[in-house]
Amino acid sequence: MGARMLFGGALSATVPHSARDISELREIPDNQEVFAHSSTDQSFIVELLEYQGLVADGDAARYYFEDLAGSNEAAAHGASQVRGVQVIPKDILAMSECSSAWLLLGTQQVSKFNEEARNTVNIHLGLFRLPQFATDILVTFNDPIIISTLSSSAGVAEPGAAAPWTTEDFQQLLWSLKILDAGVFG
């Protein structure tokens, strides 16, 4: 684990050493930082999003989870399920600027690259609300638990590869996320 600069040094967070910066492989939107595990199909995504002022703090994590389900084509009945939402106590966070922070655990049936095969993915979602910057920061940990044998992700793991990421790795990223330059919010 090591601190990694995000968004050109405007934010920082502790990210596992086995994390590969996907922007080195393909174009990533300016409002995202995407990291993939070096040998599993896991990923961390940090997104700067427009603050959803009409969505109450207690409902905002579920709002983003449902939006993600729509993007993942997992909005059909039974393809997406929230298993729990809880507030993150501000005293354990490095980001003191957030008005509230939330943690959601859910599951979605996701296909990659428009494939027919669907993988069961645990979605761990962290949300930091920053109304003073008109921004919500969304941090997602995609953790596949069942990969279809027909998926392009099947058989990706290599023997002797880095250990899979854990929820503790995700929590370390969340707890350590901090703003270094608020100018990134415009």
Side-chain angles (χ1 to χ4, degrees), residues 1 13-29 31-49 52 55 58-88 101-128 136-177:
M1 291 279 218
T14 301
V15 178
H17 293 296
S18 57
R20 176 118 194 234
D21 184 344
I22 296 303
S23 68
E24 296 171 359
L25 302 174
R26 63 180 166 89
E27 190 79 21
I28 299 294
N31 71 317
Q32 293 183 350
E33 292 279 355
V34 180
F35 300 96
H37 191 283
S38 60
S39 60
T40 70
D41 213 32
Q42 295 172 308
S43 63
F44 290 132
I45 302 170
V46 181
E47 295 181 86
L48 305 180
L49 300 169
Q52 297 300 311
V55 180
D59 299 328
R62 188 178 298 270
Y63 168 87
Y64 284 112
F65 180 81
E66 290 170 1
D67 184 60
L68 182 61
S71 297
N72 286 338
E73 296 181 3
H77 181 71
S80 177
Q81 177 185 11
V82 172
R83 300 204 328 246
V85 180
Q86 64 188 54
V87 68
I88 302 172
W102 299 86
L103 187 61
L104 178 146
L105 174 60
T107 305
Q108 294 182 2
Q109 301 293 317
V110 179
S111 65
K112 289 187 75 171
F113 311 116
N114 297 318
E115 297 173 335
E116 287 289 320
R118 292 200 167 267
N119 302 322
T120 303
V121 180
N122 276 342
I123 307 285
H124 303 263
L125 190 146
L127 176 63
F128 299 88
D136 282 328
I137 299 178
L138 185 67
V139 184
T140 308
F141 172 31
N142 297 298
D143 185 18
I145 53 173
I146 300 172
I147 297 180
S148 169
T149 56
L150 302 175
S151 172
S152 61
S153 298
V156 169
E158 303 167 11
W165 294 333
T166 64
T167 54
E168 289 78 17
D169 293 325
F170 176 62
Q171 289 172 346
Q172 181 64 35
L173 191 161
L174 290 179
W175 301 173
S176 68
L177 185 65

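Just so we're clear, the structure is a prediction, and the values are computed from it rather than from any experiment.
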Using every non-hydrogen atom in the two residues, find where [X] and [Y] come nearest and quote the distance to one decimal.
X: A61; Y: V85; answer: CB-CG1, 4.4 Å
X: A60; Y: L127; answer: CB-CD2, 3.3 Å
X: F128; Y: L177; answer: CE1-CD2, 3.6 Å
X: L174; Y: G126; answer: CD2-CA, 3.9 Å

With sequence neighbours excluded, residues passing ring pair (Phe, Tyr, Trp, His ring centres under 6.0 Å) with F141: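 So F141 forms a ring pair (Phe, Tyr, Trp, His ring centres under 6.0 Å) with F44, H124, F170.
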At what distance, to the nearest 0.5 angstrom, does [atom1] of [X] lie from [atom2] of [Y]?
X: F65; Y: L105; atom1: CZ; atom2: CG; value: 8.5 Å
X: I137; Y: N31; atom1: CD1; atom2: CG; value: 11.5 Å
X: Q108; Y: E66; atom1: CD; atom2: CD; value: 10.0 Å
X: T107; Y: N122; atom1: OG1; atom2: CG; value: 4.5 Å
X: T167; Y: L103; atom1: OG1; atom2: CG; value: 9.5 Å
X: N142; Y: N72; atom1: CG; atom2: CG; value: 7.5 Å

Those residues that, when tested against E47, pass side-chain hydrogen bond (donor to acceptor under 3.5 Å, both in side chains) (two or more places apart):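 Counting only residues at least two positions away or on another chain, E47 forms a side-chain hydrogen bond (donor to acceptor under 3.5 Å, both in side chains) with Q32.
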Heavy atoms from other residues, nucleotides or ligands near CD of E27 exceed 12 (cutoff 6.0 Å):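 Counting other residues, nucleotides and ligands, CD of E27 stays at 12 neighbours or fewer.
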R26 CZ: over 12 foreign heavy atoms closer than 6.0 Å: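 Atom CZ in R26 is not packed in, count stays at 12 or less.
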Heavy-atom side-chain contact between S18 and W165 under 4.5 Å: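 Heavy-atom side-chain distance check passes, below 4.5 Å.
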H37 vs S43 side-chain heavy atoms within contact, under 4.5 Å: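 Counting from C-beta outward, H37 and S43 never come under 4.5 Å.
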Side-chain donor-acceptor pair present, Q109, S80, cut-off under 3.5 Å: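 No pair is found: no donor N or O on one side chain lies under 3.5 Å from an acceptor on the other.
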Those residues that, when tested against D143, pass salt bridge (charged side-chain N to carboxylate O under 4.0 Å, His left out) (two or more places apart):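 Here no residue qualifies.
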Step-by-step side chain to side chain contact (heavy atoms under 4.5 Å, CB included) determination, L125 to W102: CA-CA 8 Å; L125 190 146; W102 299 86; over 6 Å; no
Under 3.5 Å: donor-acceptor pair, side chain of T14, backbone of S176: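 Flag not set: sc T14 to bb S176 has no pair under 3.5 Å.
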Main-chain N/O of Y64 paired with Q52 side-chain donor or acceptor, under 3.5 Å: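 Answer holds: no.
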